[in-house]
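Before any comments, here is the structure.
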Amino acid sequence: MSKTTVKDVSTEPEPDPQRDEPAAPGAVGGSRAFALLLVITGAAGLLAAWVITIDKFKILEAKVAGETFTPGCSINPIVSCGSIMESKQAEAFGFPNPMLGLVCYGIVICVGMSLLARARFPRWYWLTFNFGTLFGVVFCAWLMFQSLYRINALCLWCSLAWAATIVMFWYVTSFNIRNGFLPAPRPLKNFFAEFTWVLPATHIGIIAMLILTRWGSQLWA
């Protein structure tokens with residue numbers, strides 16, 4: 001009796017024999033773990049953007065009514081989501097920043113779900129996706145600086161979005177390096193193949209240290 005084995009989508013560029021049509025030349029899919037990581041980080045960022053957007057609208061409604069609204073994540077003068085939402089930096093492009101997150105994190109979820117469905121994408125697609133995550137992590141870095149040293153307040157939902165963006169950026173970059181879409185020497189490819197997790201962990205750890213150095217015990221005072 002013959003036995004049929006169903007394999008997870010690999011990161012190799014061979015066409016999938018189970019598809020009705022061969023994949024485009026050079027098209028690459030991702031592993032189930034990579035797809036789930038994109039779905040989870042995208043969902044975390046989307047949740048943060050959604051909550052911040054709802055609270056932003058409530059703040060605006062309260063202002064129109066001549067009242068005040070305090071978001072639930074405003075715990076003390078330092079951990080104060082309201083201070084962040086009412087700052088000029090919260091509308092860097094002329095509209096509330098989380099509205100951009102609603103779109104971008106939704107795209108990340110769509111890519112992850114497509115990979116779970118065994119989709120494969122060409123090099124230009126993966127590089128465009130990588131550029132999008134790069135823009136996200138740079139924008140988050142700017143927001144972190146503004147939060148710590150200009151607004152002097154910390155938003156917990158923003159912190160969740162920062163962490164999600166950092167994780168997805170490093171893993172998408174690792175994916176592109178390991179598949180040869182981004183040029184890198186063999187030792188670097190080997191490092192990403194085994195120790196990608198070190199980079200987002202270090203990145204987030206540095207941010208945590210900056211936050212603790214900036215405010216220390218004031219965070220929970």
Side-chain angles (χ1 to χ4, degrees), residues 34 37-53 55-56 71 73-74 77-109 111-112 126-177 181-182 184 188 191-192 195-216 218-219:
F34 179 58
L37 180 138
L38 292 179
V39 171
I40 292 171
T41 54
L46 186 63
L47 173 63
W50 177 257
V51 173
I52 296 171
T53 300
D55 284 346
K56 178 67 174 181
C73 59
S74 292
I78 300 300
V79 183
S80 176
C81 298
S83 299
I84 299 292
M85 295 175 193
E86 296 186 78
S87 68
K88 63 180 181 180
Q89 292 91 333
E91 298 183 7
F93 300 102
F95 55 86
N97 296 338
M99 297 184 70
L100 180 63
L102 291 175
V103 176
C104 295
Y105 292 121
I107 292 174
V108 174
I109 294 174
V111 173
W126 285 114
L127 291 179
T128 302
F129 188 45
N130 207 160
F131 177 80
T133 60
L134 174 61
F135 169 80
V137 83
V138 170
F139 186 49
C140 284
W142 179 79
L143 291 174
M144 292 170 207
F145 177 83
Q146 297 298 320
S147 175
L148 270 66
Y149 304 109
R150 295 293 181 267
I151 306 172
N152 297 312
L154 183 68
C155 171
L156 296 180
W157 288 110
C158 296
S159 299
L160 175 61
W162 299 344
T165 304
I166 288 169
V167 172
M168 71 176 66
F169 164 73
W170 282 115
Y171 273 92
V172 171
T173 301
S174 172
F175 178 89
N176 281 328
I177 288 177
F181 295 156
L182 289 173
L188 186 59
F191 174 83
F192 274 103
F195 301 107
T196 298
W197 62 271
V198 172
L199 298 172
T202 302
H203 194 158
I204 293 173
I206 291 173
I207 294 169
M209 289 297 297
L210 289 174
I211 291 173
L212 290 173
T213 301
R214 178 70 179 84
W215 290 302
Q218 296 180 61
L219 289 169

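Excluded from the calculations below are hydrogen atoms, water molecules and symmetry mates; all remaining heavy atoms, backbone and side chain alike, are included.
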Residue pairs meeting salt bridge (Lys or Arg N to Asp or Glu O under 4.0 Å), one or both in residues 91-107, sequence neighbours left out, come to Lys56-Glu91
Could you list the residues that satisfy side chain to side chain contact (heavy atoms under 4.5 Å, CB included) with Val79, not counting sequence neighbours? Ile75, Asn76, Leu156, Leu219
Inter- and intrachain pairs under side-chain hydrogen bond (donor to acceptor under 3.5 Å, both in side chains), touching residues 156-168, at least two apart: Tyr105-Thr165
Cysteine SG atoms at Cys158 and Cys81 closer than 2.5 Å: no
Measuring only between side-chain heavy atoms, which start at C-beta, is Ile40 closer than 4.5 Å to Val167? no
Any salt bridge (Lys or Arg N to Asp or Glu O under 4.0 Å) pairs touching residues 81-90, not counting sequence neighbours? Lys63-Glu86
Quick one: OG1 on Thr173 to CZ on Phe129, what's the gap to the nearest 0.5 Å? 10.0 Å
Return all side-chain donor-acceptor pairs below 3.5 angstrom for residues 132-155, not counting sequence neighbours, or 'none' if the list is empty.
from, atom 1, to, atom 2, distance (Å)
Thr133, OG1, Asn130, O, 2.7
Thr133, OG1, Asn130, ND2, 3.4
Gln146, OE1, Gln89, NE2, 2.8
Ser147, OG, Ala153, O, 2.3
Asn152, OD1, Arg214, NH2, 2.4

Rounding to 0.5 Å, atoms CG (Leu37) and CE (Met168) come to a distance of 8.0 Å
By ring pair (Phe, Tyr, Trp, His ring centres under 6.0 Å), which residues pair with Phe195, not counting sequence neighbours? Phe191
Assess whether side-chain contact (heavy atoms from CB on, under 4.5 Å) is satisfied between Val108 and Cys104, documenting all intermediate values. CA-CA 7 Å; Val108 174; Cys104 295; 5.9 Å; no
Restricting to side-chain hydrogen bond (donor to acceptor under 3.5 Å, both in side chains), what partner residues turn up for Ser83, sequence neighbours left out? Ser80
Gap separating the CG atom of Leu38 from the CD1 atom of Ile107, nearest 0.5 angstrom: 12.5 Å
Considering all heavy atoms of both residues, which atom of Thr41 and which atom of Ala164 are nearest to each other, and what is their separation? O-CB, 3.4 Å
Could you pull out the closest heavy-atom pair between Ile177 and Ala184, with the gap in Å? CG2-CB, 3.7 Å
Which heavy atom of Ile52 sits nearest to which heavy atom of Pro98, and what is that distance? CG2-CG, 3.6 Å
Is Trp50 atom CH2 crowded by more than 12 heavy atoms from other residues, nucleotides or ligands, each under 6.0 Å away? no
Can the ring centroids of Phe34 and Tyr171 be said to lie less than 6.0 angstrom from one another? no
By side chain to side chain contact (heavy atoms under 4.5 Å, CB included), Ala90 pairs with (sequence neighbours left out) Ser87
Between Pro71 and Asp55, the two heavy atoms sitting closest are CB-OD2, 3.6 Å
Side-chain donor/acceptor pairs under 3.5 Å, residues 198-212, sequence neighbours excluded:
from, atom 1, to, atom 2, distance (Å)
Thr202, OG1, Val198, O, 2.7
His203, ND1, Trp170, NE1, 3.1

